[in-house]
Amino acid sequence: ILAARRAEQEAHRAEITNKFLISALDLTDRFSSNNRGDSTLADVLERAVVQAGTELKDEPDLRAEVLTQLSRGLQNRGKLAAALAAAREANDIRFASTSAATAVERASSSQQLASVEIENGNLDDAAAHLQSTLSELTSAGDQDEMLIRAYTSLGKLSSMRGDAEGSLR
């Protein structure tokens, strides 16, 4: 019964995510009523962050996942302020007492927030979020890919602080 319930929840999440993505990507269709003249992918991603707040308001855990991914895309396109805002909102949702997020989901959000904070020069905040990431991952078991990202970010953080030895640990 639990497996069937979990499968039903995952199917619901996939359906909501697909609808959101189709709607967000429709922003780039020049004939769409949603078109606001966005000219770059970064513009579409920024608008999708706003859209996630309204279209996914009743699905906070799903909104957190979408915001984390949008934050990554914005960060990769140099839109650090927008990436930081999206990552903070996702992290706040994940760590809210009402969240059903798993340890891995919380770690993913805090890792992304730390990554953007490092690029923004918020090194103390990044260090705190990386410690949170590692703490969540120790309770989650086998998460090699996430651990690699967290330790890579810790190395980058140490390097930016001028701690060459710490960046090699």
*asked:* For Glu89 and Arg63: C-alpha separation, side-chain torsions, deciding distance, then whether salt bridge (charged side-chain N to carboxylate O under 4.0 Å, His left out) applies.
replied: CA-CA 9 Å; Glu89 183 179 350; Arg63 187 169 82 240; 3.2 Å; yes
*asked:* Assess the residue pair Leu130 and Ile118 against the criterion (side chain to side chain contact (heavy atoms under 4.5 Å, CB included)); give the C-alpha distance rounded to whole Å, side-chain angles, the decisive distance to 0.1 Å, and a yes or no.
replied: CA-CA 10 Å; Leu130 286 170; Ile118 289 170; 4.2 Å; yes
*For salt bridge (charged side-chain N to carboxylate O under 4.0 Å, His left out), just list the numbers for Asp124 and Arg161, CA-CA rounded to whole Å, side-chain angles, deciding distance to a tenth of an Å, and then say yes or no.*
CA-CA 10 Å; Asp124 292 337; Arg161 286 183 165 169; 2.7 Å; yes
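The structure places OG1 of Thr138 at 9.0 Å from CG of Leu147, a figure rounded to the nearest 0.5 Å. Rounding to the nearest 0.5 angstrom, the gap separating the CZ atom in Phe95 from the CG atom in Asp92 is 10.0 Å. With rounding to the nearest 0.5 angstrom, the CG atom of Leu113 is 13.0 Å from the CZ atom of Arg94. Considering CE of Met146 and CG of Leu134, their distance stands at 9.5 Å, rounded to 0.5 Å.
Pro60 approaches Ile93 most closely through the heavy-atom pair O-CG2, 3.2 Å. Nearest heavy-atom pair across Glu105 and Ala100 is OE1-O, 4.3 Å. The two residues Ala90 and Ser109 have their closest heavy-atom pair at O-OG, 4.1 Å. In terms of heavy-atom proximity, Leu67 sits nearest to Val49 at CD2-CG1, 3.9 Å. Of all heavy-atom pairs spanning Ala101 and Arg106, the tightest one is O-NH1, 2.6 Å.
For the 3.5 Å distance criterion, the side chains of Thr68 and Gln112 fail to qualify, holding no donor opposite an acceptor. For the residue pair Glu136 / Ser110, no side-chain donor-acceptor distance below 3.5 Å is found, with atom types taken as modelled. Side-chain atoms of Glu117 and His129 form a donor-acceptor pair, as typed in the model, at a separation below 3.5 Å.
With contacts defined as side-chain heavy-atom distances shorter than 4.5 Å, the pair Gln75/Leu80 qualifies. At least one side-chain heavy atom of Leu137 sits less than 4.5 Å from a side-chain heavy atom of Thr133. The closest side-chain heavy-atom distance from Arg77 to Arg72 is not below 4.5 Å. In this structure, Lys79 and Leu45 have side chains that are not in contact, with every pair of non-hydrogen atoms separated by 4.5 Å or more.
Under the 3.5 Å distance criterion, the side-chain polar atoms of Ser115 are left unmatched by any main-chain donor or acceptor of Gln111. Distance alone, capped at 3.5 Å, places no donor-acceptor pair between the Ser158 side chain and the Gly155 backbone.
Residues Leu84 and Leu70 are members of separate hydrophobic clusters, defined by side-chain heavy-atom contacts under 4.5 angstrom among Ile, Leu, Val, Met, Phe, Trp and Tyr. Each of Val50 and Val44 belongs to its own hydrophobic cluster when Ile, Leu, Val, Met, Phe, Trp and Tyr are linked at side-chain heavy-atom distances under 4.5 angstrom.
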